[in-house]
Every structure is written in structure tokens, then in C-alpha cells.
A.B. asks: 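Right, I'll just put the structure down here and ask away after.
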Amino acid sequence: MSIESTNPATGAVVDTFEETSTDELEDRLERASDTFEEWRETPVERRQRLLSNAAEILRENADEYAELMAREMGKPIGQARDEVAKCAWVCDYYAEHAAAFLADETLAGEPDAKTVVAYQPLGPILAIMPWNFPFWQVFRFAAPNLAAGNVGLLKHASNVPGCASAIQDVFEQAGFPEGAFTTLLIGSDEIDAVIADDRVRGVTLTGSDGAGRAVAETAGSELKQSVLELGGSDPFVVLEDAPMDEAVETAVQARLLNSGQSCIAAKRFIVVDDVYDEFVDRFADELDEQVVGDPMDEDTDVGPQAREDLLDELHGQVEETLEAGGECRLGGEPMDRDGAFYPPTVLTDVPDDAPADREELFGPVASVFRVPDEEAAVEKANDTRFGLGASVWTADLERGERVARRFESGLAFVNELVKSDPRLPFGGVKDSGYGRELARDGIREFVNAKTIWVQ
Ligand code: NDP
């Protein structure tokens, strides 16, 4: 069986890859398990050095990897280069901090005993990853886990097999032992058996909540540790004292990053009555100015959606919202050109329970809600089954922080775009998943925090 990757800007086949056969899958699992025995004993300083090498390789080949992302999933080329740079950053970050994060912690226990917590690796960890940040999401998992002494098995989304292979190459070139990081080109129907395999000790998934539930169910029945980073419908709250120039400019970026296909994109813009008209006018005008086009073109702001079926699903959500009584202020129809292009779109007057209110819209579609005041804004922001990120815009920083603390989300920003940063924990609550990636919390997810008592 072979897997094809297709350029969503043109519909042309980019490349063809052989699926991992059953025998090869068994070999790779065995190799991962064997390599773990050696890797767990490798001093953390050496693991850190190899991560620094990986950062170098990423920087040296940034153009090649960026073009691969642009071709396989349509990411605008400038954003793709930024993504490669961020992957190098997370490698450098753990190359610098892993030893400190993993150092034994002495805790006060019995006066005459030595009592410490040691952070020891678990084994091969399976990462099921999506196509939207095909390098970043993998490195966000791989850098802390390889530093911790685990080994990685990657089941990447089926539309980015080239990225999956290139990432394995990065680690091989960096000098990691064979089996430390292995790509499995398998379908999602083979995942349950891999999770259930005794050699695999944990699983992390970034993707839709449907896929998350399926994986969590299997991991739960196998009693294996899991981390889930699922979707979001992040609120972007604009209060009456918001710095309007920055709020509008950031709102555009926050909705359109990665052509709107980001879990932490702002999706529901919640604006108090006093500034609603000004915000909607300026936001729609700015969105209308953005350049939609070929992802390989340096001037492109918005590329195609990553797959035709994702565009169809997005448009279905827009149509259903309009049928329910929503208004379309901008865009709202797939573009009349080859490729999976959807224009920046603004929906207003979205009724409660319409898809744009209840579901995640994974594309360049912004829904704007009018609310009377701060209290109603917070209530609307939290009235969702998701809880990934949230932001609030106000000139009063104390007020902003107060509102941020009331958001039911894993990440809350005041006067800033919701973003991931290697130095800070990242993850959600509610249907956005559980567990944390990045920072110290991220490296301690798939470790055995072992209590050692020496009397
Ligand atoms: P999926 O959640 O289906 O895919 C993400 C990853 O999970 C892929 O590797 C996929 O493999 C795998 N997968 C899918 N179903 C299962 C399963 N039952 N068991 C194990 N693994 C599974 O996302 P889609 O690509 O279909 O996108 C659909 C929607 O998901 C988007 O519109 C968006 O709302 C959300 N999404 C959220 C992301 C985020 O960053 N939080 C990222 C991507 C999507 P395969 O590709 O082989 O099916």
C-alpha cells in the first residue's frame, strides 16, 4: 500500500510513500524498545548535545522543510520558515534546561532519612500528530521526551508523510541512535494495536476531540499515560477600553495564522456594545485586505485549506450558521479558483447553538458576538465545551488579569495573541484535553516521578 501527499493549492500529487508493513512495524517497535534500554542510560548531557545538533540541522535546512510544509499542507512559506525556527528553539530550550528539570528533588520527610523524587523515563511514547503545524507539533513532543530519556514513535497525519519522514531524518542526522525517533507510516485503524503493545508506555495526541476520545479510551483500558491537546474555540474579548489599533491588528493575525487552521486561533470575537460597531467595521476591512493565494508566494497571508474535505466541512458549518439566522459580513463562499481556497469570512448575529457558536471552525472564519458588558463577555467566553486559550483586550491591566483568571481555559492572555512558547506550559481544560506540553511541566508528563527513601 502507498500513501500519496497532495498539494492543496493545486490538487497535484507531491510524492508517494510506502506504508509501513506489519513486519516492518514489528521491527520498528522492537528497535524502539531496544534503543530505549540504551537511551535511558545515556547521560542527559549527551541527550542535550544531540538536541542542539537537531536545532542546527533545522536551521541549516529551514528552506527545504518550509517548502515541504507549503507543498504538503499549504502553509504560507514565511510562516513555514517561522515554524522551523520555532522547532530549533524548542530543541535549544531543552538542550539548555533538561538536566535541571530532571534533577532529583530532595523533599523533607523523616528527619533521619534521605527522601528524594527522581524523574525517570517511561519508555517508547507514541505521538499521534496532526497536519496543521506538521513540524512544530512533533518537535514540541519530541524535544522534551528525547531529553527525558524516552524514545519517540510518530504516527503523523496521513496528508503529511513527507514531513514525517523529514523529521525522522533530522534526528538521524543529529546523531540520535537508530530507534530513538521512528516514523510509522500507518493508518489510524492500526493505532489501537500500537497503544496496546506492551512495549509502548504512553501516548500523546494533538487533533480533534473525536480522535482524542478514541485514543483516550484505548489508553485508559490499557492503563497507559496519555496527554491530549485537542481543539479549541478560543474567545477574544474586546472591552470598551481596549487599545483598538492593537486589538484589531492582533485579531486579524489571531484568526488567520496558518490560514485559520490552529487550535489556539481566536474563533469567537466577543465585543462589548460600546465598541462593537467600530471593531466589526475595522476588523472586516482589515481581513478583506489580506492576500489569499499560492503558499509559495512570499506575499501570501492566507493559503489554501489543507484538504478539500476540510474546506467542505468548514463551508458546511458556515452555511448552517447562516441558515440558523446568522449574518455574513465578509466572504462566506469557497473561492472560484483551483485548490482548496476559502476567503477570510466574518459572521455576525450568530444564534446560540449554531455551529459557529458551538463548534470549532478550523479555517479563516471569524464569528463576532455583541455583549452588553464585561460580565456578559466572561459568561459568553466560558459558554463553550472547549477550554484551550482565551484573550482579553483592555487598557486596564489589573482588570485584564482579573478577567484572565476567570476564563475556563488552559491559557489566558491580556493584550496579546494566544501562542505557545517553549518556556511556558501549554494545554487545555474541558473538551480541549488534558496534560501539559512544553516548559518543566511538559518534560515531566511521561516520566516516573519516583519516590526514593533511604533510611
Ligand atoms: P484528526 O483529529 O482526525 O487527525 C489528527 C491525528 O489523529 C491524525 O494523525 C489522524 O490520523 C489521527 N486520528 C484520527 N482519528 C483517529 C483515531 N480514531 N484513533 C487514532 N488516531 C486518529 O483531524 P482531521 O485531520 O480529520 O481534522 C478534523 C478537525 O480536527 C479539524 O477540522 C479541527 O477541528 C480538528 N483539528 C484540531 C487540531 C489541533 O491542533 N487541535 C489539529 C488538526 C485537526 P489520520 O490522518 O491518518 O486520520
Side-chain angles (χ1 to χ4, degrees), residues 82 86 89 93 133 136 140 229-258 260 262-283 286-287 346 360-361 366-433 436-442:
D82 291 346
K86 195 163 174 181
W89 182 19
Y93 174 78
F133 291 89
W136 168 244
R140 183 169 81 183
E229 201 273 271
L230 309 177
S233 188
D234 286 8
F236 183 107
V237 170
V238 183
L239 299 177
E240 68 286 350
D241 61 348
M244 200 50 89
D245 291 351
E246 289 91 334
V248 171
E249 191 187 322
T250 310
V252 172
Q253 283 176 41
R255 182 55 284 203
L256 294 187
L257 181 70
N258 202 32
S262 167
C263 49
I264 46 169
K267 291 169 188 141
R268 295 176 303 127
F269 296 82
I270 299 166
V271 187
V272 297
D273 202 21
D274 286 0
V275 289
Y276 178 88
D277 291 333
E278 182 191 355
F279 179 83
V280 176
D281 288 348
R282 292 181 59 179
F283 184 40
E286 282 288 322
L287 284 171
V346 177
E360 176 173 38
L361 266 57
S367 307
V368 194
F369 299 84
R370 186 197 291 268
V371 289
D373 54 24
E374 175 187 319
E375 196 54 34
V378 172
E379 197 177 309
K380 183 75 193 165
N382 289 337
D383 184 18
T384 168
R385 65 190 181 89
F386 295 108
L388 192 52
S391 65
V392 57
W393 293 78
T394 169
D396 178 344
L397 299 186
E398 280 178 21
R399 182 187 190 195
E401 192 175 331
R402 229 173 26 243
V403 170
R405 287 177 187 278
R406 294 182 66 196
F407 287 141
E408 293 167 4
S409 61
L411 311 151
F413 285 63
V414 181
N415 298 339
E416 180 56 295
L417 179 90
V418 176
K419 54 187 161 189
S420 60
D421 180 317
R423 299 164 295 185
L424 299 169
F426 183 90
V429 295
K430 297 161 82 176
D431 286 1
S432 293
R436 290 293 177 265
E437 298 190 274
L438 301 175
R440 194 189 66 166
D441 303 60

A.B. asks: Going from OG1 on T394 to CG on D241, what distance comes out if it is rounded to the nearest 0.5 angstrom?
C.D. replies: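 One finds 3.0 Å between OG1 of T394 and CG of D241.
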A.B. asks: Are any of the side-chain heavy atoms of K419 and F413 separated by less than 4.5 Å?
C.D. replies: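 SC-SC contact between K419 and F413 confirmed.
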A.B. asks: Can you name the nearest heavy-atom pair linking L388 to G232, along with the distance?
C.D. replies: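 Where L388 meets G232 most closely, the heavy atoms are CB-CA, 4.3 Å.
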A.B. asks: Work out which heavy atom in F407 is nearest to a heavy atom in A412; give both atom names and the distance.
C.D. replies: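 Heavy atoms only, the tightest pair is CD1-CB, 4.0 Å.
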A.B. asks: Would you call P425 and L438 a side-chain contact if the rule is heavy atoms closer than 4.5 Å?
C.D. replies: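 A side-chain contact under 4.5 Å is absent here.
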A.B. asks: Between the side chains of R399 and E240, is the shortest nitrogen-to-carboxylate-oxygen separation below 4.0 Å, so that they form an ion pair?
C.D. replies: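 Salt bridge present between E240 and R399.
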A.B. asks: Report the distance from atom CD of E360 to atom SG of C263, rounding to the nearest 0.5 Å.
C.D. replies: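 Between E360 CD and C263 SG, I get 7.5 Å after rounding to 0.5 Å.
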A.B. asks: So which atom in A381 and which in R268 form the shortest heavy-atom distance, rounded to 0.1 Å?
C.D. replies: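 Between these two residues, the closest heavy atoms are O-NH2, 2.9 Å.
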A.B. asks: Side-chain contact, heavy-atom cut-off 4.5 Å: R370 with D277?
C.D. replies: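 Yes, close enough: below the 4.5 Å cut-off.
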A.B. asks: Which atom pair, heavy atoms only, marks the closest approach of A404 to V414?
C.D. replies: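 Smallest interatomic distance, heavy atoms only, reads CB-CG2, 3.9 Å.
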A.B. asks: Whether the side chain of D234 engages the backbone of G389 through a donor-acceptor N/O pair (distance < 3.5 Å, no angle test) should be reported.
C.D. replies: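 At least one qualifying donor-acceptor pair exists.
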A.B. asks: With distance as the sole test, does N258 use its side chain to make a donor-acceptor pair with the main-chain N or O of G260 at under 3.5 Å?
C.D. replies: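 Side chain of N258 to backbone of G260, a donor-acceptor pair under 3.5 Å: no, none is there.
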A.B. asks: What do the steps show when you test L287 against V346 for side chain to side chain contact (heavy atoms under 4.5 Å, CB included), and what is the final call?
C.D. replies: CA-CA 9 Å; L287 284 171; V346 177; 3.4 Å; yes
A.B. asks: What I want to check is whether the side chains of K430 and S409 have a donor and an acceptor closer together than 3.5 Å.
C.D. replies: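 Side chains of K430 and S409: no pair found under 3.5 Å.
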A.B. asks: Do R406 side-chain atoms and V378 backbone N/O form a donor-acceptor pair below 3.5 Å?
C.D. replies: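 Judged by distance alone, no pair lies under 3.5 Å.
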A.B. asks: Is the shortest heavy-atom distance from the side chain of R140 to the side chain of F426 under 4.5 Å?
C.D. replies: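 R140 reaches F426 side chain to side chain.
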A.B. asks: Taking the basic N atoms (NZ, or NE/NH1/NH2) and the acidic carboxylate oxygens, is any pair closer than 4.0 Å for R436 and D441?
C.D. replies: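 No salt bridge links R436 with D441.
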A.B. asks: Can you tell me how far the OG atom of S391 sits from the CD1 atom of I264, to the nearest 0.5 Å?
C.D. replies: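 S391 OG to I264 CD1: 10.5 Å, rounded to 0.5 Å.
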A.B. asks: Looking only at the aromatic ring of each residue, does the gap between the centers of F369 and F269 stay below 6.0 angstrom?
C.D. replies: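 When the ring centroids of F269 and F369 are compared, they turn out to be at least 6.0 Å apart.
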A.B. asks: Output yes when E401 and R405 qualify as a salt bridge under the 4.0 Å nitrogen-oxygen rule, no when they do not.
C.D. replies: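 Salt bridge present between E401 and R405.
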A.B. asks: Do any N or O atoms from the side chain of S432 and from the backbone of L230 form a donor-acceptor pair under 3.5 angstrom?
C.D. replies: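 No: the side chain of S432 does not pair with the backbone of L230.
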A.B. asks: Does E278 come within less than 4.0 Å of R282, counting only side-chain N to carboxylate O?
C.D. replies: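 The answer is yes: the pair qualifies as a salt bridge.
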A.B. asks: Do Y276 and V368 touch side chain to side chain, with heavy atoms closer than 4.5 Å?
C.D. replies: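 In short, these two side chains touch, coming nearer than 4.5 Å.
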A.B. asks: Once rounded to the nearest 0.5 Å, what's the spacing between atom CG of D274 and atom CG of D373?
C.D. replies: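 Answer rounded to 0.5 Å: 9.5 Å.
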A.B. asks: From R255 CZ over to S367 OG, what is the distance, rounded to the nearest 0.5 angstrom?
C.D. replies: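 Those atoms lie 8.0 Å apart.
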A.B. asks: Between N415 and L397, is there a side-chain heavy-atom distance shorter than 4.5 Å?
C.D. replies: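 Yes. Closest side-chain heavy atoms under 4.5 Å.
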A.B. asks: Which value, rounded to the nearest 0.5 Å, describes the distance between L417 atom CG and L257 atom CG?
C.D. replies: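 That separation rounds to 7.0 Å.
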A.B. asks: Can you see which heavy atom on V418 is nearest to which on L411, and at what distance?
C.D. replies: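 The pair with the smallest heavy-atom distance is CG1-CD1, 4.1 Å.
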A.B. asks: Using 30° and 60° as the class limits, which term best fits the ring planes of W393 and F236: parallel, tilted or perpendicular?
C.D. replies: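 Answer is parallel, since the angle falls under 30°.
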A.B. asks: Is there a side chain to side chain contact (heavy atoms under 4.5 Å, CB included) between V392 and L239 once you walk through the steps?
C.D. replies: CA-CA 7 Å; V392 57; L239 299 177; 3.8 Å; yes
A.B. asks: Might you point out which heavy atoms bring K380 and V371 nearest each other, and give the distance in Å?
C.D. replies: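 Looking at all heavy atoms of both residues, the closest pair is CB-CG1, 4.2 Å.
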A.B. asks: Do V275 and M244 have side chains that get closer than 4.5 Å, going by heavy atoms?
C.D. replies: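 Yes, their side chains come closer than 4.5 Å.
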A.B. asks: Compare all side-chain heavy atoms of V272 with those of E374 and state whether any distance is below 4.5 angstrom.
C.D. replies: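 With C-beta onward as the side chain, the pair stays apart.
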